[in-house]
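These notes are about the structure you will find just below.
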Number of protein chains: 2
Amino acid sequence: MLVQLDDIVERIKKGKKFLIIGHIKPDGDDISSVGSLTFILRRMGKTAEGCIADHIPWFYGDLDGVSEIKKLEDLRNYDYDTSITVDASELSRIGDGALLLKNGKPDITLDHHKTNVGFGELDFHDSAYAATAVIIYEIAQKLGVEYDLKMANMNLLGIATDTGFFKYSNTDSKVFRYAADLVEKGANIQKISSAVLEHQTLKELKLFSEMLNTLNVDMNGKLAWAYVSYDMLERNNCTDEETGGFVGEIRSIYGVEVAILFIEWPKNQVNISFRSKNYVDVSEIAVYFGGGGHVRASGCSIKEADLKETMDKVINKTKEFMLKNEQLAGLN
Amino acid sequence: MLVQLDDIVERIKKGKKFLIIGHIKPDGDDISSVGSLTFILRRMGKTAEGCIADHIPWFYGDLDGVSEIKKLEDLRNYDYDTSITVDASELSRIGDGALLLKNGKPDITLDHHKTNVGFGELDFHDSAYAATAVIIYEIAQKLGVEYDLKMANMNLLGIATDTGFFKYSNTDSKVFRYAADLVEKGANIQKISSAVLEHQTLKELKLFSEMLNTLNVDMNGKLAWAYVSYDMLERNNCTDEETGGFVGEIRSIYGVEVAILFIEWPKNQVNISFRSKNYVDVSEIAVYFGGGGHVRASGCSIKEADLKETMDKVINKTKEFMLKNEQLAGLN
């Protein structure tokens, strides 16, 4: 049932023992929201445990408090009276975390995704929020909870990461104002940005350099693509995890509207990431190839596929979509 | 003479016709400070012209108002009663802009560099400010000037760029709070970040790839350096302008404390950029070689120099500084 934030706050006041569940493939906002809400509840004298039923990328471990988020196994016998999911748009997004739910649905869901379906007893979701961590901060304010250093850093993490470190169009004045509050409470944005962004390894940079050698542009410079083959990954002792920021770098080329990165991993599977800047809805292209995502960032996976053939097919289809989008945008 | 910000504000109130001068090799904070202060003064009904006596990188031209900043030639016959330099730590930093000064010194200097020497009639400099653009914002507040959209964007530009888009350790609560104010006045951080950060060209990426091939690490991974030779620039049809973000990429390697980039440009001149993460004061190293800058970002230029010899010399000296800093930080 969709409710107001004040209803959530009232419900939280009634609980004594909480279970906070994040989503699989956790990002900064997810980790931040699980951690912050757990610490806020503990600070209120309540019992609370945070759970993410998936691997947390290693570099988040440098941030204080992240190691307190538990795995599924640690909480099998944990008894609670109130369950809350954060940053998950539907039940399947919490993965095996759902096994901890008592009657198949959480008591409260908190989210900022536009695609949220509302799957809890009480649901709060509003895509006007730049991050779920912004919702968490407002809840803490309404509850009158005092932050310590660890809480301030943990809450700022999600606000920073989901706004691309204050660069994306969702960076509104509220984002900046809460960031100011959190820095006043002791948060250190340099430490957060260093942990999240400055963890490139030498082999990653070598792989990136090889990827750049495959870079191509078309459509008068508006379409750019590159690939990372299975052989390139093997040669550099990398997996697809090392290719995280690559597609963003292709997108950042001046004049590029659509960026595509093809990654062959594992052998004979091609994972494709699409990014756009201003007017092409790349979620449409991804959906066409059986994937999904957002208007400006989407992806799909093609199994039993040859890299070169897949590239030809996807690039041709993308050109068609781009021409259609340009016509819609009145650019042609 | 070093004065308080209120003294500067009083002096500004007395002036009628202003000349604002930025520094050579202009960066975002310089352009922002020249532009913002010019527009603030005009908004007060005063006459004002902004001048940068050097080439402004092309991508800033996508931002509203930048094209109103004039070249030296346009202002040779401009009569003014008050000259103000912004973001320049010493007279030589304004280059040929000094030719416009009536008695060899500006009436007012505004700066946030630690290495500022104070070279005006009235000087305000304080390295506690993250950007000169932050000083400019406070002056506007003290003057009670209402911002329009163009002014808000122009002022936010410098706050954003000199804090590495809200990532560096100088990003204090004031930075976030003023950014919130400016967004409320209509500034669009996405537009600024896109213009400043998403303008890579293909030749730049190819050059970057070549630079990565020169990458070296030492001091247990804490020191990393790379170079861009004159030949590499020529071969890729680039100038040193295309190397803007390179040193930041070296700094972003996991475990690196100090990053150094050597750029040979023009032939037989080596320009050196230093960056650090946590405890090494790289301004000291730059000053040792006749340059200057900040604790976490500094630089110097060595003329009539051989690239390889200069690299050896600078890397050895940097290692000495690092060992000293580690001892001071209690890391050894």
Side-chain angles (χ1 to χ4, degrees), chain A residues 59 62 156 160 163-185 187-202 204-206 208-213 215-217 221 224 226 245 248-256 277-278, chain B residues 58-59 62 160 163-185 187-202 204-206 208-213 215-217 221 224 245 248-256 277-278 296:
Chain A
F59 50 85
D62 282 358
L156 185 55
T163 58
F165 282 83
F166 313 98
K167 287 196 302 285
Y168 298 161
S169 56
N170 62 357
T171 312
D172 51 21
S173 63
K174 200 191 253 189
V175 161
F176 279 126
R177 219 164 283 289
Y178 294 173
D181 292 350
L182 290 166
V183 166
E184 269 163 20
K185 295 175 205 298
N188 181 336
I189 190 65
Q190 191 268 333
K191 206 181 154 194
I192 295 170
S193 67
S194 183
V196 176
L197 302 173
E198 301 189 319
H199 56 77
Q200 289 189 96
T201 54
L202 281 175
E204 250 173 77
L205 281 171
K206 297 290 180 192
F208 182 64
S209 175
E210 279 197 48
M211 184 276 285
L212 286 179
N213 290 329
L215 191 62
N216 259 292
V217 292
E249 291 293 324
I250 305 173
R251 195 189 96 127
S252 75
I253 298 169
Y254 191 73
V256 163
K277 263 187 202 148
N278 295 308
Chain B
W58 63 273
F59 51 86
D62 283 357
T163 57
F165 283 83
F166 313 99
K167 286 197 303 286
Y168 298 161
S169 56
N170 61 358
T171 311
D172 52 20
S173 64
K174 201 190 249 189
V175 161
F176 279 126
R177 219 165 282 291
Y178 294 173
D181 292 349
L182 291 166
V183 166
E184 268 163 22
K185 294 173 204 300
N188 181 338
I189 190 66
Q190 192 269 333
K191 205 182 155 193
I192 295 169
S193 65
S194 183
V196 176
L197 303 174
E198 302 189 320
H199 58 76
Q200 289 189 95
T201 54
L202 280 177
E204 248 174 81
L205 282 172
K206 297 289 181 194
F208 181 64
S209 176
E210 279 197 48
M211 183 274 285
L212 285 180
N213 290 330
L215 192 60
N216 259 291
V217 292
E249 292 293 324
I250 304 173
R251 197 187 95 127
S252 76
I253 298 170
Y254 189 73
V256 163
K277 263 185 202 153
N278 296 308
R296 298 279 167 263

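Letters A, B, ... mirror the listed sequences (proteins, then strands); counts begin at 1. When reading the values below, keep in mind they use all heavy atoms of this one structure, side chains included, and skip hydrogens, waters and symmetry mates.
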Chain B contact via T171(A) - side chain, backbone, both or neither, heavy atoms under 4.5 Å: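 Both the backbone and the side chain of T171(A) come within 4.5 Å of chain B.
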Residue part contacting chain B, namely of V256(A), when any heavy atom lies under 4.5 Å: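 Neither part.
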Is [X] close to chain A through its backbone or its side chain, or both, or neither, when contacts mean heavy atoms under 4.5 Å?
X	result
N216(B)	neither
E249(B)	both
D181(B)	both

Set of residues satisfying side-chain contact (heavy atoms from CB on, under 4.5 Å) with respect to N278(B), sequence neighbours excluded: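 So N278(B) forms a side-chain contact (heavy atoms from CB on, under 4.5 Å) with Q190(A), E257(B).
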Heavy-atom side-chain proximity of L202(B) to L215(A) below 4.5 angstrom: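 Yes. Closest side-chain heavy atoms under 4.5 Å.
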pair V183(A)-F166(B): side-chain heavy atoms closer than 4.5 Å: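 They are not in side-chain contact.
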From [X] [atom1] over to [Y] [atom2], what is the distance, rounded to the nearest 0.5 angstrom?
X	Y	atom1	atom2	answer
L182(B)	S173(A)	CG	OG	11.0 Å
K277(A)	E198(B)	NZ	CD	5.0 Å
K191(B)	S169(A)	NZ	OG	13.5 Å

I189(A) versus Y168(B), closest heavy-atom pair with distance: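 Scanning both residues, the minimum pair turns out to be CG2-O, 4.0 Å.
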Considering all heavy atoms, the nearest S209(B)-S209(A) contact: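 Closest heavy-atom pair between S209(B) and S209(A): OG-OG, 2.8 Å.
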N/O donor-acceptor pair under 3.5 Å between K206(A) side chain and L212(B) backbone: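 Indeed, once roles are kept as given, a pair shorter than 3.5 Å links the two residues.
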D172(B): salt bridge (charged side-chain N to carboxylate O under 4.0 Å, His left out) partners, not counting sequence neighbours: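 Partners of D172(B) under the salt bridge (charged side-chain N to carboxylate O under 4.0 Å, His left out) test: none.
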Mutual orientation of the aromatic rings belonging to F176(B) and F176(A) [parallel < 30°, tilted 30-60°, perpendicular > 60°]: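 The rings of F176(B) and F176(A) sit tilted, inter-plane angle from 30° to 60°.
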